[in-house]
Amino acid sequence: MEILREDAKLVIKNKVTGRIMEVENSDDLTSHLDFDSVKPKVSGVVFVLYCIVSGCAIAGMIVLGVWWALSVDISRIPFVAWIVLAMYSTVQTLLHEASHYLVFLSFGRRPDSIGFKMNYYLFPAFYVRMNDVHLLTRPDKYVLHTVGITVNAIVSLAGFGIVQTFSMGESARFVVAWYAVAMSYNCLPVLNSDGFKALLAITGENERRHFSDNPLWIRGIVVVGYIIVFLYTARIAVAVIRWFA
């Protein structure tokens, strides 16, 4: 057995079957179990420094991204700039997922799988499935879930600096700004985003498989997510209808 004891809960992993379960903390229960206790991988000092760097980088990315995006006239952006944006986004996505993967490995864990999926059957996304994340302490979870955005933010800030320093023009401003804006949405705690996972880490909650087993605030976020998906789908449907009308 491997057990994470945190506050009023125990997260238990059967090392033979790989099954993970969460139960209420009980001294009577743990006194009869032979288990390896999970210890934090990130020290308090490192965690505080990480939060400062991460927070500043992400805030800078959002502010500069919105500022530059509002200053760009999309109607004047050539088609080649959209191709460059797609290539730039691909590189940033690979860096994002690689960051999750490498940090998880540094915590002594191995991902269950890596691949591509459609979130809510609508939004394309690469993923690193990490079931053992439930056995990490809160600071470790927070670092793991936010490191991808942090790396993207640092690369984006470098992009802003390069474009500004070398006066690379409106198309280059468009590429770095619009990716920064798109990545900013991943900070919002909806649609199974990294922001949502970071919020779960901060609160010490795990999203349950069955909707009704979750706390009210998690159910509210899930409902908001489905509303966003519905509105987005409706908008696409209207655009398609108008296109063929």
Side-chain angles (χ1 to χ4, degrees), residues 1-26 29-30 33-55 57-58 91-119 125-155 183 186-187 189 191-210 213-214 218:
M1 293 284 187
E2 187 174 11
I3 297 180
L4 170 66
R5 187 202 305 243
E6 201 167 47
D7 299 330
K9 70 178 182 181
L10 294 173
V11 179
I12 305 173
K13 177 182 179 180
N14 186 318
K15 291 185 176 181
V16 177
T17 64
R19 183 183 178 188
I20 298 175
M21 68 183 77
E22 181 179 311
V23 297
E24 292 185 5
N25 193 352
S26 170
L29 174 62
T30 55
L33 291 176
D34 180 20
F35 64 89
D36 298 326
S37 182
V38 176
K39 296 179 175 60
K41 304 296 183 181
V42 179
S43 68
V45 174
V46 172
F47 179 69
V48 171
L49 291 175
Y50 170 81
C51 287
I52 293 173
V53 172
S54 175
I58 293 172
V91 172
Q92 282 274 45
T93 299
L94 292 175
L95 290 174
H96 181 103
E97 297 304 332
S99 300
H100 288 309
Y101 178 80
L102 293 175
V103 169
F104 202 48
L105 287 181
S106 73
F107 287 166
R109 306 286 177 178
R110 296 197 66 83
D112 297 275
S113 61
I114 302 173
F116 177 85
K117 66 178 181 179
M118 297 294 290
N119 279 332
F126 291 97
Y127 70 89
V128 178
R129 180 164 293 134
M130 305 172 287
N131 290 334
D132 277 1
V133 69
H134 299 298
L135 289 164
L136 298 179
T137 61
R138 290 189 195 182
D140 293 347
K141 281 183 182 178
Y142 181 82
V143 170
L144 177 64
H145 289 314
T146 58
V147 69
I149 299 176
T150 301
V151 169
N152 291 147
I154 292 172
V155 174
M183 182 49 58
N186 197 24
C187 299
L191 297 174
N192 200 32
S193 66
D194 286 338
F196 175 58
K197 294 172 184 175
L199 180 60
L200 292 177
I202 292 172
T203 59
E205 290 286 349
N206 291 316
E207 185 180 6
R208 276 72 171 183
R209 181 175 301 177
H210 299 292
D213 292 337
N214 289 293
I218 292 182

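Hydrogens, waters and symmetry mates play no part in the numbers below; they use all other heavy atoms, side chains included. Index from 1, following the sequence.
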Query - Nearest-0.5 Å distance, CG of residue N152 to SG of residue C187 - result: 9.0 Å

Query raised in the report: Is there side-chain contact between F107 and L136, with at least one heavy-atom pair below 4.5 Å?
Result: yes

**Report entry** Side chain N214, main chain R208, donor-acceptor under 3.5 Å
**Finding:** yes

Query raised in the report: Considering only heavy atoms from C-beta outward, does the side chain of V133 approach that of K197 to under 4.5 Å?
Result: no

Report task. Hey, could you give me the NE2/NE2 distance between H100 and H145, rounded to the nearest 0.5 Å? Result -> 8.5 Å

Report summary line: Rounding to 0.5 Å, atoms CE (M183) and CG (D194) come to a distance of 7.5 Å

Requested in this report: List the atom of V143, the atom of Y50, and the distance in Å for their closest heavy-atom pair.
Outcome: O-OH, 3.6 Å

Requested in this report: State, with a plain yes or no, whether a side-chain heavy atom of V151 is found less than 4.5 Å away from one of H96.
Outcome: no

**Report entry** Rounded distance (nearest 0.5 Å) linking atom CG of N186 with atom OG1 of T146
**Finding:** 11.0 Å

Query raised in the report: Is the closest side-chain heavy-atom distance between I218 and L200 below 4.5 Å?
Result: yes

Requested in this report: Please report the shortest heavy-atom distance between L144 and V147, naming the atom on each side.
Outcome: O-CG1, 3.4 Å

Report task. Taking all heavy atoms of K141 and all of A201, pick out the closest pair and write down the distance. Result -> CB-CB, 3.6 Å

Query raised in the report: Can any side-chain N or O of S106 pair as donor or acceptor with the backbone N or O of V103 at less than 3.5 Å?
Result: yes

**Report entry** Y142 (side chain) donor-acceptor with F47 (main chain) under 3.5 angstrom
**Finding:** no

Query raised in the report: With the threshold set at 4.0 Å, does a side-chain nitrogen-carboxylate oxygen contact exist between D132 and R109?
Result: yes

Query raised in the report: Does any non-hydrogen side-chain atom of L105 lie less than 4.5 Å from one of P111?
Result: yes

Report task. Check G148 against S99 and note the closest heavy-atom contact, atom names and distance. Result -> CA-CB, 4.1 Å

